[in-house]
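Notes follow once the structure below has been shown.
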Amino acid sequence: MGRASRGGRPDDSWPARLGRGRRRAGPCHEAGQSEPGQPGTLRRHVTRLSGYFLPTEREPPADAEALSHKLMVRAGLIRQVGSGLWSWLPAGWRVHQRIVEIVREEMNAIGGQEMLMPVLHPAEPWRRSGRYGIDELFKLKDRRGADMVLAMTHEEIVTGHVAAAVRSYRDLPLILYHFQVKERDEPRPRAGVLRTREFVMKDSYTFDRDADSLDVAYQKHVIAYDRMLDRCGLEWYRVESDVGMMGGLGAHEYMAPCAAGENEVAIAPGYAANVEVATADAQPVQLPHRLDAPEPVPTPGMTTIEAVATALSVPAGALLKAFPVIVDGDRMSLVMLRGDHRVNEVKLRSALRADFRPAHPDEVAERLGPPGFIGPVGAEMPILLDRAVMPGPYVTGANAPDEHLRGVEPGRDFAYETVDVRSVVAGDTVAGGTIRIEPAIEVGNIFKLGTRYSEPLAARYLDESGREQLIWMGCYGFGPARAAAAAVEQYADEQGISWPRVIAPFDVELVGLGRPGSDERALAERLYAELRETGLEILYDDRDAGPGEKFADAELLGCPLRLTVGRRTIGAGEIEVQVRRGRESRTLPLQGTAEAVAELWRTLP
RNA sequence: CGGGGCGUGGCGCAGCCUGGCAGCGCGCCUGCUUUGGGAGCAGGAGGUCCCGGGUUCAAAUCCCGGCGCCCCGACCA
């Protein structure tokens with residue numbers, strides 16, 4: 001890699017920049033024309049808007065809903081090719097590549113070794129790992145009829161390489177990663193680049209001797225991910241997440257809160273978890289007085305919590321909701337939770353340590369009673385009681401038509417096992433702190449795989465005593481496109497995008513007003529040359545267009561600084577600089593403008 | 001996979017119900033004017049009306065079939 005000098009960089013804390021000595025695969029083109037830099041210095045971009053492919057639109061596409069979708073299309077960053085399939089136009093790709101470069105640096109910093117694996121795979125390793133049946137996996141045949149797949153991740157392949165090459169504990173640990181396109185036949189692509197069928201992902205894989213060593217690799221990724229998210233300028237949370245169908249030993253997701261997010265995150269001081277797995281203390285509920293024994297009450301036609309609670313003048317939380325499930329296809333269990341709570345199927349699945357489905361109405365009728373009136377008293381099946389149900393008298397179904405029971409007390413009136421299977425809600429508490437729930441987009445995840453892949457793919461090594469051992473693995477994903485979209489969502493305003501400065505397509509947009517050939521334009525040209533000397537990346541709006549159009553386009557694209565060269569200020573020996581975030585303007589003296597701009601840029605968020 | 005909606009010039013849309021010259025705004029091209037918040041005047045280019053079939057003297061419009069795209073839900077190693 002031609003690691004060019006970074007002399008003259010305005011920010012040495014950010015060593016690598018787009019467009020410099022990149023030699024990786026992928027369609028990363030230099031933007032605009034290039035001018036030869038001085039020997040040993042950066043190759044600088046000469047990017048004049050008059051010749052740059054940045055098709056902005058005044059109106060968002062009619063079918064766009066999410067803010068990032070609308071703005072990224074309007075700003076000329078992305079264009080749609082098909083459902084969940086997007087092209088990145090030059091300015092958009094610059095953003096993407098800046099994020100990629102940050103991720104690459106942080107991966108290298110923890111000892112990651114970059115490589116590249118193909119997108120097209122033979123089906124065989126996927127059959128071996130047991131993932132060939134996944135619906136989201138694109139499957140195809142080659143001309144000879146051999147089954148092929150388009151990779152959604154690369155566990156099978158990378159594990160195969162390691163299995164073939166690693167013999168000894170001395171070959172471990174390893175951190176291998178690549179940036180590669182992933183293909184997923186998503187049931188429903190949505191929201192621009194937020195959920196697509198094809199996207200670039202950084203995925204890394206760690207290979208270790210044992211669980212403790214895997215912990216170390218995992219912890220390295222926590223550090224790297226924390227840093228890359230910070231550097232990208234995103235607001236983010238690292239949250240506990242579900243280990244999913246793959247099983248696994250632990251997992252976290254990196255979530256960027258934003259309105260278009262598809263996930264819900266429960267956040268309290270010192271706590272953050274995906275709502276799918278979040279645990280919290282429920283808000284208390286006022287229970288009625290106790291009874292010596294359950295007492296039937298007529299509830300004709302009242303099959304909902306609301307109807308029964310209203311009729312009996314008790315809060316919904318004073319009822320117990322019964323959720324009958326069929327576990328592993330045959331056994332029925334009854335899950336009981338407070339009437340004002342909802343079953344969390346992800347948590348229930350892990351509590352059961354088995355797959356389940358809700359029981360059908362006829363199964364309910366046969367084993368318990370009429371649906372809408374079922375309860376735990378007299379039920380001959382395992383009863384799982386959510387831990388938010390405090391001791392006391394509750395109203396439950398009576399397993400008889402049009403009848404409920406009141407004064408039902410867990411333990412006295414039915415036996416149970418305690419589980420934690422409810423979805424937390426805003427207002428619950430964790431260690432005294434109140435939970436709020438925010439939508440968020442998952443930009444990265446880290447996952448302890450254990451031996452999930454090393455076993456079927458026979459990735460083993462010999463330990464010090466010559467015994468064969470399975471390799472312990474972890475996998476770690478990061479989506480630059482989602483990070484970019486999340487940044488758009490988090491910082492956009494009425495005028496458009498407002499990039500964090502390190503991932504902006506350009507550092508500065510220079511707007512030359514006046515007619516081509518005017519004094520302003522001559523000054524703008526001179527300033528353009530000076531600015532480039534500072535190492536900043538400049539987009540120069542040299543179009544023959546009105547000021548309104550130029551300002552609007554600049555604010556839509558969202559570069560952190562906008563310089564305006566116009567008659568109004570040059571008479572006073574000044575030029576105007578606008579900070580995009582907040583849109584506040586100030587003037588800088590014409591003398592030493594470029595250095596002052598670089599100085600200002602360094603202070604931006 | 002269930003529900004809803006849409007497909008007409010580059011973008012946003014009207015026209016469809018009630019069949020009869022394919023329109024509007026923005027953008028684009030040329031000229032002149034204009035140059036600190038999407039400017040004005042004049043002239044101009046650009047459309048297999050998603051595709052196929054049917055009905056009809058005549059289909060963007062009615063009928064049948066298909067394809068594509070969006071939204072909600074389900075789903076999302």
Side-chain angles (χ1 to χ4, degrees), chain A residues 55-66 69-70 73-74 76 79-86 126 129-138 149 151-156 182-192 194-197 199 201 203 205 241-248 251 253 260 262-263 274 276 345-346 357-358 441-442 445 447 449 452-453 473 475-477 494-496 511-521 524 541-556 562-571 574-576 578 583 585 587:
Chain A
T56 56
E57 294 290 343
R58 199 183 290 229
E59 297 189 62
D63 54 21
E65 209 71 18
H69 181 185
K70 292 178 182 171
V73 172
R74 283 190 56 209
R79 283 294 185 270
Q80 185 166 21
V81 174
S83 181
L85 301 170
W86 291 83
W126 290 77
S129 69
R131 292 211 295 173
Y132 189 66
I134 292 172
D135 286 338
E136 283 72 30
L137 185 65
F138 275 107
V149 307
M152 47 199 301
T153 57
H154 284 76
E155 279 85 356
E156 283 81 359
K182 307 295 162 184
E183 306 283 347
R184 296 182 187 183
D185 195 359
E186 287 287 346
R188 187 153 99 78
R190 57 177 291 274
L194 236 34
R195 183 165 211 88
T196 56
R197 293 196 290 177
F199 58 97
M201 180 166 112
D203 43 327
Y205 303 93
S241 73
D242 182 31
V243 293
M245 298 287 286
M246 292 198 336
E253 290 164 334
E262 314 182 282
N263 297 92
N274 194 317
E276 285 180 349
E345 299 201 2
V346 173
R357 62 171 171 80
I441 183 73
E442 178 188 352
N445 61 64
F447 196 105
L449 287 166
R452 162 70 180 82
Y453 290 92
M473 291 176 55
C475 67
Y476 316 84
E494 291 296 305
Q495 281 67 36
V511 174
L513 298 180
R515 317 180 61 159
S518 62
D519 290 348
E520 304 89 292
R521 289 301 185 96
D541 191 348
D542 62 335
R543 295 174 301 173
D544 186 13
E549 191 175 349
K550 293 185 174 188
F551 293 146
D553 273 352
E555 284 166 8
L556 178 59
R562 186 189 79 201
L563 262 58
T564 308
V565 182
R567 218 181 300 171
R568 187 192 283 178
T569 57
I570 60 175
E574 294 173 329
I575 72 150
E576 181 192 298
Q578 184 211 52
R583 297 178 70 233
S585 293
T587 56

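Chain letters run A, B, ... following the sequence lines, proteins first, then strands; residues in each count from 1.
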With rounding to the nearest 0.5 Å, note down the distance linking [atom1] in [X] to [atom2] in [Y].
X: A/R131; Y: A/R452; atom1: CZ; atom2: CZ; value: 7.0 Å
X: A/T564; Y: A/E576; atom1: OG1; atom2: CD; value: 4.5 Å
X: A/S83; Y: A/R197; atom1: OG; atom2: CZ; value: 5.0 Å
X: A/Y205; Y: A/T153; atom1: OH; atom2: OG1; value: 4.5 Å
X: A/Q495; Y: A/D553; atom1: CD; atom2: CG; value: 13.0 Å

Pairing partner of [N] (Watson-Crick or G-U wobble, both distances under 3.5 Å):
N: B/C69; result: B/G5
N: B/G43; result: B/C29
N: B/G20; result: B/C57
N: B/U48; result: none

Quantified in whole Å, what is the [atom1] atom distance between nucleotide [N] and nucleotide [M]?
N: B/A22; M: B/C69; atom1: P; answer: 31 Å
N: B/U33; M: B/C71; atom1: P; answer: 48 Å
N: B/U56; M: B/G9; atom1: C1'; answer: 29 Å
N: B/G46; M: B/C26; atom1: C1'; answer: 15 Å
N: B/U61; M: B/G7; atom1: P; answer: 12 Å
N: B/C51; M: B/A60; atom1: C1'; answer: 14 Å
N: B/G10; M: B/C16; atom1: P; answer: 23 Å
N: B/A59; M: B/G68; atom1: C1'; answer: 22 Å

5' to 3', nucleotides 31-43 of chain B under a 4.0 Å protein heavy-atom cut-off (B base, S sugar-phosphate only, - none) gives ---BBBBB-----

Sub-3.5 Å pairs of nitrogen or oxygen atoms, protein against nucleotides 71-75 of chain B:
{"unit_1": "B/C71", "atom_1": "OP1", "unit_2": "A/A191", "atom_2": "N", "d": "3.4"}
{"unit_1": "B/C72", "atom_1": "OP2", "unit_2": "A/R188", "atom_2": "NH1", "d": "3.1"}
{"unit_1": "B/C72", "atom_1": "OP2", "unit_2": "A/R188", "atom_2": "NH2", "d": "2.5"}

Rounded to whole Å, the CZ-C1' distance (A/R197 to B/C69) equals 11 Å

- Task: Could you state the atom-to-atom distance from CD of A/Q80 to C1' of B/G68 in whole Å?
- Result: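 For the pair A/Q80 CD and B/G68 C1', the rounded distance is 10 Å.
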
Residue set satisfying ring pair (Phe, Tyr, Trp, His ring centres under 6.0 Å) with A/Y476, at least two apart, ordered chain then number -> A/H221

Next on the checklist: Can you pull out every side chain to side chain donor-acceptor pair (under 3.5 Å) where at least one residue sits in residues 183-192 of chain A? Sequence neighbours excluded, please.
Outcome noted: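 The answer is A/E186-A/R195, A/R190-A/E262.
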
Checklist entry - NA contact type, A/P55, heavy-atom cut-off 4.0 Å: base, sugar-phosphate, or nothing? => result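 Result for A/P55 = nothing.
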
Q.
Once you apply a heavy-atom cut-off of 4.0 Å, does A/T153 come out as touching a base, just sugar-phosphate, or nothing?
A.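 Counting heavy atoms under 4.0 Å across all strands, the contact made by A/T153 includes a base.
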
Next item on the list: Give the minimum heavy-atom separation between A/N274 and A/S241, together with the two atoms involved.
Entry: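 Closest heavy-atom pair between A/N274 and A/S241: CB-CA, 4.4 Å.
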
Using the salt bridge (Lys or Arg N to Asp or Glu O under 4.0 Å) criterion, which residues pair with A/K70? Sequence neighbours excluded.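 By the salt bridge (Lys or Arg N to Asp or Glu O under 4.0 Å) rule, A/K70 matches no residue at all.
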
Note to self: Test of understanding: with salt bridge (Lys or Arg N to Asp or Glu O under 4.0 Å), list the residues that count as partners of A/E555, not counting sequence neighbours.
What the structure shows: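 By the salt bridge (Lys or Arg N to Asp or Glu O under 4.0 Å) rule, A/E555 matches A/R562, A/R583.
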
